[in-house]
There are 2 protein chains.
Amino acid sequence: MTGKVPPKHRSGCPVSLALETIGDRWSLLIVRDMMVRGHRTFKQFQGSGEGIATNVLANRLRKLEGGGFIVGEADASDGRRVNYRLTEKGIDLAPVVLEILIWGARHEASGGAPCAAVDNMAKHREAMLAEVRRRWRERDATPLQAKSGEWSWP
Amino acid sequence: MTGKVPPKHRSGCPVSLALETIGDRWSLLIVRDMMVRGHRTFKQFQGSGEGIATNVLANRLRKLEGGGFIVGEADASDGRRVNYRLTEKGIDLAPVVLEILIWGARHEASGGAPCAAVDNMAKHREAMLAEVRRRWRERDATPLQAKSGEWSWP
DNA sequence: CCGGATCCGTTTCGATACTG
DNA sequence: CAGTATCGAAACGGATCCGG
């Protein structure tokens, strides 16, 4: 709290990239880990991002939750564990994440074709998106591996 | 100076979202303005973003240039004017920007269908991407309007 | 142990003023 | 017009501590 100043927001509808919410280095990384690696817990995010500080991670999770991208609910069998799930709004970020992955595989990996998984996702774009959507809708937050060998992920 | 600490960078190829470069609130906004509105100059960016500070804008332009997303070249007829152009690496961000636009039109505009332009782009996805690519390759950095009425932009 | 909260030094942001 | 200079405010990030 303590005086959260709202941003400028001058353009009404037309061209907002909505980067005020997800336009930072960590938020999309968290969403990516959820979608592609099936991560759900604080600990998992902590280990799979490129080393995010715990306070920053907590801050981002709360921000994503406040923005309606994810929801956090206590694990049924383990009270101390919190499971985060993607909402519809968060799931709809899948195409964005996928395109960034594709872009990164082409330009960031700085080479030929080091990442076969991304290549596979790009090939079966619609199928991959449908799979992500189905998984998170059904609360079956398992990683994206082993869909008849189409996608694999470290 | 004074100790520029390189980031962690532990994952080699597989899943880097490369958000270290474009993962902030302004960089993609600049790229979007170039792609969709045909902006090329400091002044244009200054007026079309949601009010970016001049020093931040200068910083982002240099960062994008250093990352190979854009190049800045002095205008032939006007020495003091600098024209920024998208490189291939920057042009390849078009799918990313488009997906974010689509996402934002659905979730951020918080309503039914306020933005027909984005809707049009989503419908003619490949054509729009091809058009962006062609324009910036040929140095004809005009806005995206008036492609037989398919896309229009404020 | 897990999911944070709190403190604290460093870095970056962002608004305004100013310069070539 | 296209940027710097400056400076307060915010965020980052590490380390450590806390509640369950």
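The structure presented is a predicted model; accordingly, all values stated were derived computationally and were not measured. Just so we're on the same page: letters track the sequence lines, and every chain starts at 1.
- With a 4.5 Å cut-off on side-chain heavy atoms, L61(A) and K63(A) do not count as touching.
- Checked by atom type and distance alone, the side chain of T87(A) pairs as donor or acceptor with a backbone atom of G68(A) at under 3.5 Å.
- L19(A) places its CG atom 17 Å from the C1' atom of dG14(C), with the value rounded to the nearest Å.
- The phosphate of dG14(C) (OP1 or OP2) has a side-chain N or O of W26(B) nearer than 4.0 angstrom.
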Per-nucleotide protein contact string for nucleotides 1-8 of chain C, where B marks a base within reach and S marks sugar-phosphate only (heavy atoms under 4.0 Å, - for neither): BSSBBBB-
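- Note on the helix from dC1(C)-dG20(D) to dG20(C)-dC1(D): angle between the axes of the first and last five pairs equals 30°, rounded to 10 degrees.
- Between F69(B) and W136(B), the ring center distance fails the sub-6.0 Å criterion.
- The shortest side-chain heavy-atom distance between V82(A) and F42(A) does not fall under the 4.5 Å cut-off.
- Taking atom CG of D24(A) as the reference point, atom C1' of dT12(C) lies 14 Å away to the nearest angstrom.
- Between L101(A) and V36(A), some side-chain heavy-atom pair lies under the 4.5 Å cut-off.
- Straight-line distance from the CD1 atom of I30(B) to the P atom of dG3(D): 11 Å, rounded to whole Å.
- Here the CZ-CD1 distance, from R135(A) to I91(A), works out to 12.5 Å after rounding to the nearest 0.5 Å.
- Across the protein-nucleic acid pair, I52(B) atom CD1 and dA2(D) atom P stand 14 Å apart, rounded to whole Å.
- Looking at heavy atoms from C-beta onward, W103(A) lies in side-chain contact with K89(B) at the 4.5 angstrom threshold.
- Residue K43(A) places its NZ atom among 12 or fewer non-hydrogen atoms of other residues, nucleotides or ligands, all under 6.0 Å distant.
- The interatomic distance linking I70(B) (CD1) with dA2(D) (C1') rounds to 14 Å, in whole Å.
- L57(B) has its CG atom 8 Å from the P atom of dG3(D), to the nearest Å.
- Neither OP1 nor OP2 of dC12(D) sits under 4.0 Å from any side-chain N or O of R25(A).
- Between L64(B) atom CG and dG3(D) atom P there is a gap of 13 Å when expressed in whole angstrom units.
- R81(A) and N83(A) make their closest contact through CG-OD1, 3.9 Å (heavy atoms, listed as atom of the first residue, atom of the second, distance).
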